[in-house]
Participant: 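Following this message is one structure expressed as C-alpha cells.
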Amino acid sequence: MGYLLPGSSTPTSATPRRTPGPAGWLLLSPLLLWLGLFVVVPTLLLVILSFCSRDPDAPGRVLYAFTLENYVRAFQPTYLKILGSSLLYAFLTAILCLVMGYPVAYFIGRAPEGRRNTLLALVMIPFWTSFLIRTYAWVTILSNQGFLNGILQASGLTSAPVDFMYTPGAVVLGLVYNYLPFMILPIYGSVEKLDQSLIEAAYDLGARPWSALVEVILPLTRPGIVAGFFLVFVPSIAMFAITTLMGGGAVPTVGEVIQKQFTAARHAPFGAALGTLLLLLFFAGLWATKPRREPEPID
Amino acid sequence: MELERTIPASRISPPPAPARGWPGLLRLVHLSLAGWTWAVFAFFYIPILLLAVYSFNDSKLNIVWQGFTTKWYGLLFENRVLLEAFRNSLIIGAVTTLAATALGTAGAWILHRYRYPFAGWIGLLIFIPMVIPEVLMGVSLLSLFSSLGVPRGFVTVIIAHVTFCFPFVLIGVQARLDGIDPFLEEAAMDLGATPWQAFRLVILPYLLPAVVAGALMAFTLSLDEYIVTLFTTGSQSQTLPLKVYGMAKVGLNPQINALSTLFVAATILLVISGELIKKARSR
Amino acid sequence: MNIIRPSAFAALLACALLATGCDKKTAGPETPISRETKSPGELRLFCWSEYVPQTVIDKFTEETGINVYVENYASNEEMLAKLQAGGALYDLVQPSEYATEMLIKEGMLLPLNKANIPNFKNLAPEFVGMGYDPQNTHSVPFMGGSVGIVYNKERIKTPVNGFGDVFVPEHAGRIVVPDDAREIVTMALDHLGLPINEINADSLAAARTVLTDWLKLVKVYDSDSPKTALLNGDVDLGIVWSGEGALILNESDKFAWVLPREGAHLFVDNLAIPKTARNKAGAEAFINFILRPEVSILISEEFPYTNPNTEARKLLSPEQLANPASFPTKEEWARLEIFHDIGGAASDIDGVVTDLRAQ
C-alpha cells in the first residue's frame with residue numbers, strides 16, 4: 001500500500017532522479033505552499049482542537065485547556081466498533097470496485113486510440129447529476145414497491161416484496177456505484193501505457209490469457225491498481241450520505257459520528273479527536289504496509 | 001525486456017495448443033471484456049435513465065409516478081436561483097479542475113523528478129485531504145479563512161475544492177509515472193530541449209491519459225461537494241448541491257431531475273459529436 | 001500515445017468559463033467585511049435551505065428595491081459556526097427556538113424595534129412570548145411545527161395513539177425515526193412522563209432503558225425525507241416532522257397522522273437580527289413583510305407547517321386548514337412543548353443514542 005509514497009516508488013537503479021537545486025525547490029514551492037497553508041495549518045488547528053475542552057456554560061465555545069478526555073472517550077468500544085465497520089465497508093467497496101472496474105479500465109485502455117477519451121468521459125458523466133437525485137433513483141429501483149421488486153413479482157420469482165433498501169447490501173451497492181469511476185480512471189492510466197508488443201510476446205511464447213494476465217498485465221498495471229484502491233478506499237471510509245440514505249443509518253459510520261459532533265452534539269473537540277485518530281490510523285496502516293526496500297531482481 | 005522474469009520458463013515450455021485454440025480464446029476474452037464493460041455501463045446509466053424519466057413525473061415529491069408532464073422543464077427555465085446555483089457550480093468546477101489538474105500534475109512530476117528530502121512526508125500530507133472527513137475540513141478551513149480575514153465567496157470555495165481534488169489528480173498521475181522510461185526526458189534534452197520543453201513536449205503527452213482521468217475526477221468531485229462548500233461559501237457563491245440538499249425536506253423538486261437530465265444529455269451529445277467530428281476528419 | 005488535442009472535455013470547460021464571462025452583473029460584491037456599505041439596498045439573509053420561498057424574496061425586492069442575498073444552512077449549529085466565525089455579516093438569521101435562546105444568552109442578537117414591525121399583531125397569541133424569548137424582544141416566529149406519528153392505515157391495524165404504540169415488537173423493522181439524538185431521547189422522556197428539558201444522569205439512564213428496546217425495532221433513521229421510505233412502502237410507520245407528515249397526507253390517503261398522547265416536541269423557527277447586521281432597518285422591513293397575511297400564505301403553500309399568523313390562516317384553503325399535521329387542535333397543542341438550550345447535555349444525549357445504534 002505504501003507503494004504510492006513518492007519516496008518509495010520503485011527505485012530502479014537507472015532513474016536519473018536529481019538532487020534538487022534552487023530550481024527544484026522553486027518548482028516545488030507552489031505545492032509546498034498549498035499543502036502548508038491549506039492542509040498543514042488546518043490539520044494542526046484540528047489537532048489542537050482535539051486536546052481542548054468545552055466551555056461548561058456555552059458548549060459551543062471551546063476552552064483552550066489541555067485535556068486527554070476526548071481521546072479517552074474515542075477509545076470506547078462503541079466508537080472503535082463504528083470505526084471498524086466503516087473500514088470494513090470501505091474495504092469491501094474497494095475490492096468490489098477493483099473486480100468490477102479492472103476489466104472496464106482494461107477494455108477502455110485497449111480501445112482504439114481515438115475512442116478512449118470518449119469512453120472515459122462516458123464513465124464519469126453519470127456522476128455529473130446531483131448526488132441526491134441519482135441516489136433517489138436507486139431508491140425507486142430498490143424500494144419495496146420499486147422496479148426490481150416489480151420485475152421479480154411479475155416474473156413469478158418472488159411472491160412478496162423483497163427488502164433491498166436499507167440493508168447492508170444496499171449500502172455496498174450505493175458505495176460501489178458512486179466510487180467505481182475512481183477505480184476505473186487510474187487503472188486506465190496504467191493500462192493505456194501497456195506495451196502491446198509485450199503482451200503479444202507473451203502470447204507468442206505460448207502464454208495462456210490467464211497467465212498473460214497474472215504474469216504480465218497485472219504486475220505492469222499495479223501502480224494503477226494501487227492508486228485506484230486508494231482513491232476508492234480512502235474517501236469511502238468517512239462517507240456517510242450513502243450509508244444513511246441507502247442503509248437507513250442503522251449502524252452509524254465514523255464520518256457521521258464526527259459530523260454530529262460539530263452539529264447536534266456540539267462537541268467539536270471530540271469530533272476533532274475522532275478525526276485525528278482516523279488520520280493516525282490511516283498513516284499507521286500506510287506505514288505498516290510500506291514495502292521495505294528490497295534488492296531489485298536483476299533485469 | 002523483462003520477459004525472462006515475468007514469464008517463468010515452465011509456462012513457456014508446453015507446446016502451443018491446437019491452432020484454433022489461441023485466437024479463438026483471445027477473441028472470447030475480448031468479447032467477454034466488451035460484454036462486461038457494456039454491463040458496467042448499463043449499471044452506470046440505468047439510474048440516470050430513471051432519473052430522466054422522473055423529470056417528466058407529475059408529482060412534486062419525486063417518489064411515486066403520477067403521470068406525464070413537461071412542466072418541470074418550463075419551471076426550471078424560470079428558476080433564476082437554481083440556474084444561478086448551477087452556473088456557480090460549473091464555474092467553481094471548471095476553475096477547480098484547471099487548478100487541481102495543474103497542481104496535481106506538476107506536483108507528481110516534480111516529486112518524481114527530484115529526490116527531495118522529506119519526500120515521504122510530503123506524500124503523507126497529500127493524503128490528508130482525502131482521509132479527513134469533510135466536516136473537519138470545512139470547519140478548519142472556515143476558521144482559517146476567518147482568522148485570515150478572507151471573505152467567503154468563490155475564492156474560498158475554489159481553494160477548498162482544489163485542496164481536496166488535487167490529490168486525486170496527483171495520485172493518478174503518479175501511478176502513470178511509475179515505470180516511465182527514465183531516459184525519456186534525457187533523450188529530449190539531448191536533442192536540445194529545455195527542461196520545460198521536455199516536460200511540455202515529451203512528458204506531458206506521455207502523462208496525458210492520466211491527466212485527463214484526473215481532470216475528470218476533479219470536476220466530478222467539485223461538482224457534487226456539499227459539506228466543505230457549506231462551510232466555505234458566501235451568499236454570492238451558493239452552489240447547486242447546497243440548493244438540492246435543502247430541498248430534500250420538502251421533496252426533491254423534479255426541476256433538479258430536469259436540470260441533471262439536460263446537463264447529462266448535453267455533455268453526452270458534446271462528447272459523441274466530438275467523436276464523430278474526429279472520425280470525419282480522419283477520413 | 002495521445003497527442004494533445006482539444007478534447008470534448010476541454011471544450012466543456014471552455015463553455016463553463018465562457019458562462020462566467022457572460023453574466024458580469026451577478027459577480028457583485030463578495031461579502032465585503034470591513035467596508036461599510038451605506039447603501040440600504042442590500043439585505044443578507046442567512047436561512048434554512050429552501051425555507052423562504054423565492055417568490056417571497058422577489059416580491060420583497062420588487063416592493064422595496066432592496067436586493068436580498070440568500071445564504072443557506074442545514075442545521076442551527078452550522079449557522080452558529082458561521083455566525084461566530086465572522087467573515088460575512090448577515091442582516092437576518094433564522095434560528096429555531098433553542099438556538100434563539102442560545103443566541104440571546106450569548107448576546108449575539110440585536111433587540112428589535114417593534115415600531116418597525118406593526119404586523120407583529122397578526123401573530124396568534126400562542127406563538128407570542130414563548131419561553132425562549134418571553135417578550136419577543138429579539139425574535140419573531142416564522143413557522144412552527146411538531147413531531148408526530150404517521151402510519152400506513154392499510155398495514156397497521158392496531159390503534160396507534162402514542163410512542164408506546166409505535167415501538168412494539170410487531171412493528172420491528174417497519175419504523176422510521178428522525179436521525180436526531182435529541183428528538184429520539186425526547187420521545188422516551190415524553191413516554192416516561194419526564195421533563196424533556198431537564199437532562200441529567202437519572203433521566204438519561206431512564207430514557208436509555210426505554211430506547212434499548214425501541215431502537216432495536218427501527219429500520220431507518222432519516223430527518224430529511226422520512227416520507228421517501230414511508231411512501232415507497234419500505235416502512236409502515238414512523239416519527240416525522242409535522243410538515244413532512246402533512247406532505248405525506250397530501251400525497252396519499254393511505255396514511256394517518258397522530259399527535260402522540262404522551263406529548264411531543266414543538267419547534268418554532270424565528271427570524272432574528274444578529275449583532276453584526278448592517279441593515280437593521282431592511283431586516284425589520286423584511287420581518288414585517290413576512291408577517292403580512294398574503295405573504296405568509298405563500299410560505300404555507302410551500303411548507304405545510306403550522307403557520308403562526310392568525311390573519312394568514314384566514315386566507316388558507318379549508319383543505320390546508322383541515323390537514324391535522326399542519327394545524328393541531330387546541331387540545332393537542334396543550335401537549336406540545338418547546339426545546340430549551342440544554343448546554344453540554346447535547347453531547348451526552350448523542351453519546352447514548354450513538355451507543356444504542358451501534359449495538
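Below, chains carry the letters A, B, ... as their sequence lines are ordered, and counting in each starts from 1. As the structure is a computational prediction, the values presented were derived from the model and not from experiment.
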Participant: Any salt bridge between C:R44 and C:E42, counting N to O under 4.0 Å?
Facilitator: yes
Participant: Between C:F46 and chain B, which part of the residue has a heavy atom less than 4.5 Å away: side chain, backbone, both or neither?
Facilitator: neither
Participant: Check for a donor-acceptor pair, side chain of B:N257 on one end and backbone N or O of B:L51 on the other, with a separation under 3.5 Å.
Facilitator: yes
Participant: Only counting residues at least two apart or in another chain, list the ones meeting side-chain hydrogen bond (donor to acceptor under 3.5 Å, both in side chains) with B:T101.
Facilitator: none
Participant: Counting only non-hydrogen atoms closer than 4.5 Å, does B:F86 touch chain C with its backbone (N, CA, C, O), its side chain (CB onward), both, or neither?
Facilitator: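 Looking at B:F86, nothing touches chain C.
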Participant: Quick check on the structure: residues of residues 53-60 of chain C within a heavy-atom distance below 4.5 Å of chain B, by number.
Facilitator: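 Interface residues of residues 53-60 of chain C: C:Q54, C:D58.
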Participant: Salt-bridged, B:K71 to B:D58, with N to O below 4.0 Å?
Facilitator: yes
Participant: Report which part of B:Q66 has an atom under 4.5 Å of a heavy atom belonging to chain C: side chain, backbone, both, or neither.
Facilitator: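 For B:Q66, the side chain is the part near chain C, not the backbone.
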Participant: Check whether B:L230 gets within reach of chain C through its side chain, its backbone, both or neither, counting any heavy atom under 4.5 Å.
Facilitator: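 Contact with chain C is through both the backbone and side chain of B:L230.
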Participant: So which of C:L231, C:L247, C:N72 has the biggest tally of heavy-atom pairs under 4.5 Å with chain B?
Facilitator: C:N72
Participant: Is a side-chain N or O of B:W72 found less than 3.5 angstrom from the main chain of B:N253, in a donor-acceptor match?
Facilitator: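 Checking the backbone N and O of B:N253 against the side chain of B:W72, no donor-acceptor pair under 3.5 Å is found.
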Participant: Might you point out which heavy atoms bring C:S326 and C:T306 nearest each other, and give the distance in Å?
Facilitator: O-OG1, 2.8 Å
Participant: Report which part of B:S59 has an atom under 4.5 Å of a heavy atom belonging to chain C: side chain, backbone, both, or neither.
Facilitator: side chain
Participant: I need the residue from C:T228, C:N250, C:L45 with the largest number of non-hydrogen atom pairs under 4.5 Å to chain B.
Facilitator: C:T228
Participant: Step by step, would you call C:D269 with C:Y51 a side-chain hydrogen bond (donor to acceptor under 3.5 Å, both in side chains)?
Facilitator: CA-CA 10 Å; C:D269 297 322; C:Y51 209 0; 2.9 Å; yes
Participant: Keeping the roles fixed (side chain from C:D179, backbone from C:S223), state whether a donor-acceptor pair exists under 3.5 Å.
Facilitator: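 No; judged by distance alone, with no hydrogens or angles, the pair does not exist.
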Participant: Please tabulate, one pair per line, all N/O donor-acceptor pairs under 3.5 Å involving side-chain atoms of residues 296-305 of chain C, not counting sequence neighbours.
Facilitator:
| residue | atom | partner | partner atom | Å |
| --- | --- | --- | --- | --- |
| C:S296 | OG | C:N307 | OD1 | 3.2 |
| C:S296 | OG | C:N307 | ND2 | 2.9 |
| C:S300 | OG | C:N307 | ND2 | 2.9 |

Participant: What residues, two or more places apart in sequence or in another chain, satisfy side chain to side chain contact (heavy atoms under 4.5 Å, CB included) together with C:E62?
Facilitator: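 Counting only residues at least two positions away or on another chain, C:E62 forms no side chain to side chain contact (heavy atoms under 4.5 Å, CB included).
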Participant: Chain B heavy atoms under 4.5 Å from C:E244: which part of the residue, side chain, backbone, both or neither?
Facilitator: side chain
Participant: For B:F145, which atoms come within 4.5 Å of any heavy atom of chain C: side chain, backbone, both, or neither?
Facilitator: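 Neither part.
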